[in-house]
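Presented below is the structure to which this report refers.
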Amino acid sequence: MNIEARISSKVQKALVRLYNTEMSADKIQIQRTRKDFTGDFTVVVFPFLRFSKKPPEQTGEEIGNFLKDRVDEVSDFNVIKGFLNLTIDNAFWLRFLNSMHQRGHIYDLHLDPGNQKVVVEYSSPNTNKPLHLGHIRNNLLGFSISRILEATGHQVKKVNLVNDRGIHICKSMLAWKKWGNGETPVDRGVKGDHLVGDYYVMFDREHKKQVAYLMEMGKTKEEAEKEEPLMKEARELLSLWEQDDPDTVELWKKMNGWVLEGFEQTYHDLGIDFDRVYYESEVYKLGKEEVKKGLEKGVFFRKNDGSVWADLSDEDLDEKLLLRGDGTSVYITQDIGTAIQRYREFDFDEHIYVVGNEQNYHFQVLKIVLGKLDYSWAEHLHHLAYGMVELPEGKMKSREGTVVDADDLVGEMLTTAEEMTRESGKIGDFPEEEKKRIYRAIGLGALKYFILKVDPKKNMTFDPGESVDFNGNTGPFIQYSYARINSLLSKAKDKNIDVPDELSGHVPLNNKEIQLVKLIHQFPSVIGEAAQEMNPAVVANFLYELAREFNQFYHDHSVLGAGNQQTIQLRLVLSVQVSKVIREAMWLLGIDLPERM
RNA sequence: GAACCUGUAGCUCAAUUGGAUAGAGUAUCUGACUCCGGAUCAGAAGGUUGGGGGUUCGAGUCCCCCCUGGUUCACCA
């Protein structure tokens, strides 16, 4: 049992003894004592006043005395207003540090281990244009959350659903057919996803021109968009594709191949991966059957034109189209099918969709519709809705060319990392390959940390010019702290100072040291909270606090130069444990650590 | 038009889910050991938490009314 739980249960006993009151553990608030007060943990006594019928100070005193008498670890207490601040004995922190030092990992020390099968879907790109900043946020979130859930004991399947069919794909195909002169990514020396994306943009531009022209000729906007010849051709292409026209399918395969190759490169550069990749072209028909079953059961209804709908009025929503009049499927149809397929495949306990919050309505409806089909697991579908990434001037718009391209961004990060590292001159003697790895760790670390430290559900602003810094609350700051500890340890080795396997005897701890041990102690519950909230930012914020605390400690106190052997050993063990937590927490974020930088 | 989300220091973000004097970074200014890494550390300055009301021991957080920005409400995905 960890110390907070022990205190909590003793407070319960105190309430019974002193005020004859039973209170459930979750009603007892125990929090970290704020820095400006003395103490380690704080019990909020306000909720007890209606039972004690005494002023807050007196109630706090009474409970404080009770705890001091019966909990060995509580060495002292003070009461300020309604807050009972408890001080924990040095010996406890020392014991804890020793036990962590003897453990292989810390992250698997969960308070409340889970053992569920969880599917996490993320990325889910369209194969008509390259990935951009928004996808980066999606990918990093999905990947990190998967690791966090794994760390809390769950079995995670990372899946990707590639949207490789539909009218948007046909647009770039058509443009390439018309104006591409057969060029390939190799011909032009660009990544395949970028090449295809260019044709998608080209289509859009020409289409708009044509629409404008038709409107000048006196058509209304609706008429113009409907009659515009390029769009008509694209629709014909889609129809040909659905009829398995050999030429069309061949073209589709070729261009999709280019894009997917480009995506793989980007995923690789970002350091993320999947356990299973689904292609919409392979699964899009699955949903139709399920919808038809629902129709037979009378859960859905058919309109005169043959289209199939779900009536959601009992959920205070409108009617929702599930199949078009011509029998073709819409977006939600395939999600119905894939959810059922995945349930059969994985028998999951939870299914998480990492998808932008503009699709809140979609997932709300998806759950309801699956519920109507009597799939009880529908309530275990969870939409992790993250906010948009905006630029200082507002939303990214592909038409206006303000989209931040994923590959460009990664490239810039690596370049900056290289420049910064060169300036510091710490790795001059490293082989070229090793240097590249370090630049990559730092550049990507800066980018990943910058994005993951923000609460997923919030929109965030990204300023391409100055956003990703290397000083302050950043990835490199944490990496730097880690590299520093490494350097310290190798220096110790040079001096033939060993890190002991165990600290023996009574070693006094100063404030900074206790502060660090407390943070290490907090780590498992931080992971638990991050998993619970599905929020990597919890881990990032914790990491920053830990690194900052360590840097202060390192600045104020000499490790190898500490006066006595005992203190040197204590500080070495503490440093090793801090670096272990940094490594594990960064792993949860998917960020690599350079040994030197 | 309706529903939902959002608004915290010049800028980018926190705030233990209703708890103490709202904290960090950045930018600006000032300073730091001949000593374990200066991508560090310390200090100054910066706030009517969009505005107004309410709930209670206590509100950035919960409720109501406005204001701002955004998203969704498609036989698009």
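Residue numbering restarts at 1 for every chain, and letters A, B, ... go by the order of the sequence lines.
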Please write out each protein N/O paired with an N/O of nucleotides 37-43 of chain B under 3.5 Å, distance rounded to 0.1 Å.
unit_1: rG37(B); atom_1: OP1; unit_2: S487(A); atom_2: OG; d: 3.2
unit_1: rG37(B); atom_1: OP1; unit_2: Y554(A); atom_2: OH; d: 3.3
unit_1: rG37(B); atom_1: OP2; unit_2: K491(A); atom_2: NZ; d: 3.2
unit_1: rG37(B); atom_1: O2'; unit_2: Y480(A); atom_2: OH; d: 2.7
unit_1: rG37(B); atom_1: O2'; unit_2: R484(A); atom_2: NE; d: 2.6
unit_1: rG37(B); atom_1: O2'; unit_2: R484(A); atom_2: NH2; d: 3.3
unit_1: rG37(B); atom_1: N7; unit_2: S487(A); atom_2: OG; d: 3.2
unit_1: rG37(B); atom_1: N1; unit_2: M597(A); atom_2: O; d: 2.7
unit_1: rG37(B); atom_1: N2; unit_2: M597(A); atom_2: O; d: 2.9
unit_1: rG38(B); atom_1: OP2; unit_2: R484(A); atom_2: NH2; d: 2.7
unit_1: rA39(B); atom_1: O3'; unit_2: N471(A); atom_2: OD1; d: 3.3
unit_1: rA39(B); atom_1: N6; unit_2: T421(A); atom_2: OG1; d: 3.1
unit_1: rU40(B); atom_1: OP1; unit_2: G472(A); atom_2: N; d: 3.3
unit_1: rU40(B); atom_1: O2'; unit_2: R484(A); atom_2: NH1; d: 3.3
unit_1: rC41(B); atom_1: O2'; unit_2: H555(A); atom_2: ND1; d: 3.1
unit_1: rA42(B); atom_1: OP1; unit_2: Q552(A); atom_2: NE2; d: 2.9

Between the protein and nucleotides 9-13 of chain B, are there any N/O to N/O pairs under 3.5 Å, and if so, what are the atom names and distances?
unit_1: rC13(B); atom_1: OP1; unit_2: T461(A); atom_2: N; d: 2.6

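Within the nucleic acid shown, E358(A) comes within 4.0 Å of sugar-phosphate atoms alone, with no base atom in reach, counting heavy atoms only. At a threshold of 4.0 angstrom between heavy atoms, the contacts of E545(A) with the nucleic acid are absent. At a threshold of 4.0 angstrom between heavy atoms, the contacts of K495(A) with the nucleic acid are absent. Using a 4.0 Å heavy-atom criterion, one finds that Q29(A) contacts the bases of the nucleic acid, with or without backbone contacts as well. Looking at heavy-atom distances under 4.0 Å, G325(A) makes contact with a base.
Summarising the geometry, the separation between CZ on F542(A) and P on rA15(B) is reported as 15 Å, rounded to the nearest angstrom. Protein atom NE2 of H521(A) is 15 Å distant from nucleotide atom C1' of rU16(B), rounded to whole Å. For H207(A) and rC76(B), the NE2 to C1' distance is 12 Å, given to the nearest whole Å. When rounded to the nearest whole Å, the span between CZ of R32(A) and C1' of rG23(B) equals 12 Å. In this structure, L317(A) places its CG atom 11 Å from P of rC4(B), rounding to the nearest Å. Per the geometry, CZ belonging to R50(A) stands 13 Å off C1' belonging to rU56(B), to the nearest Å. Here rC4(B) presents its C1' atom at 17 Å from NE2 of H362(A), a figure rounded to the nearest Å. At whole-Å resolution of the value, CG in N128(A) and C1' in rC76(B) are 12 Å apart.
Within 3.5 Å, a donor on the side chain of N85(A) pairs with an acceptor on the base of rA20(B), or the reverse.
Between E549(A) and K35(A), at least one side-chain N (NZ, or NE/NH1/NH2) sits under 4.0 Å from a carboxylate O, which counts as a salt bridge. A salt bridge links D40(A) with K518(A): the distance from a Lys NZ or Arg NE/NH1/NH2 to an Asp or Glu carboxylate oxygen falls below 4.0 Å. Look at E358(A) and K395(A) and you find no salt bridge, because none of the NZ, NE, NH1 or NH2 atoms lies under 4.0 Å from a carboxylate O. Between D326(A) and R324(A) there is no salt bridge, since no side-chain nitrogen of the basic residue lies less than 4.0 Å from a carboxylate oxygen of the acidic one. Note on E57(A) versus K81(A): no salt bridge recorded, every NZ/NE/NH1/NH2 to OD/OE distance being 4.0 Å or above.
Counting only heavy atoms from C-beta on, E529(A) has its side chain closest to rU17(B) among rA24(B), rA77(B), rU17(B). Side-chain atoms of V44(A) lie closest to rG19(B) of the nucleotides rA77(B), rA24(B), rG19(B). You'll find that the side chain of Y361(A) is closest to rC73(B), out of rC73(B), rU17(B), rC36(B).
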Could you summarise the pairing of RNA chain B as dot-bracket text, marking Watson-Crick and G-U pairs under 3.5 Å with ( ) or [ ] inside the strand and | across strands? (((((.(..((((.....[...)))).(((((.......))))).....(((((..]....)))))).)))))....
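Put simply, K81(A) has a side-chain N or O that comes within less than 4.0 Å of OP1 or OP2 on rU21(B). Taking 4.0 angstrom as the limit, R324(A) places a side-chain polar atom (N or O) nearer than this to OP1 or OP2 of rA77(B). For R34(A), a side-chain nitrogen or oxygen approaches OP1 or OP2 of rA20(B) to under 4.0 Å.
Ring geometry, F41(A) versus H521(A): the interplanar angle exceeds 60°, so the pair is classed perpendicular (tilted spans 30 to 60°).
Shown here for K426(A) and D429(A), the closest heavy-atom pair between the two residues is O-OD1, 4.5 Å. When all heavy atoms of L323(A) and S329(A) are compared, the pair lying nearest together is CD2-CA, 4.0 Å.
Nucleotides rG10(B) and rA45(B) have their C1' atoms positioned 13 Å apart, rounded to a whole Å. For the C1' atoms, the distance linking rU49(B) with rC41(B) amounts to 30 Å, nearest Å. Comparing rU71(B) with rU6(B), their P atoms sit 15 Å apart, to the nearest whole Å. Distance noted for atom P between rG43(B) and rC62(B): 33 Å (whole Å). With both ends at atom C1', the span from rA59(B) to rU8(B) equals 14 Å, rounded to whole Å. Here the separation of rU12(B) from rU17(B), taken at their C1' atoms, is 23 Å to the nearest Å. Nucleotides rA39(B) and rU56(B) are separated by 48 Å at their C1' atoms, to the nearest Å. Across the P atoms, rG69(B) and rG31(B) are found 45 Å apart, a figure rounded to whole Å.
A cation-pi arrangement, defined by a distance under 6.0 Å to the six-membered ring centre and an angle within 45 degrees of its axis, is present between R165(A) and Y284(A). Under a cutoff of 6.0 Å and an axis angle of 45°, K303(A) and W309(A) form a cation-pi pair.
Both geometric conditions, a ring-centre gap below 5.5 Å and a plane tilt below 30°, are fulfilled for F46(A) over the base of rG19(B).
Checked against the 6.0 Å centroid threshold, Y331(A) and H362(A) count as a close aromatic pair. In this structure, the ring of F83(A) has its center less than 6.0 angstrom from the ring center of F46(A). Remark: aromatic rings of F203(A) and Y200(A) are distant, center separation not under 6.0 Å. Between Y19(A) and F48(A), the ring centre distance reaches or exceeds 6.0 Å. Ring-centre distance between F470(A) and Y480(A): not below the 6.0 Å cut-off.
Between H557(A) and D326(A), the residue whose closest nucleotide on RNA chain B is further toward the 5' end is H557(A). Remark on RNA chain B: of its neighbouring residues N126(A) and T33(A), the 5'-side contact belongs to T33(A), judged by nearest-heavy-atom nucleotide.
Shown here, rU17(B) is classed syn by the O4'-C1'-N9-C4 or O4'-C1'-N1-C2 angle, which is within 90° of 0.
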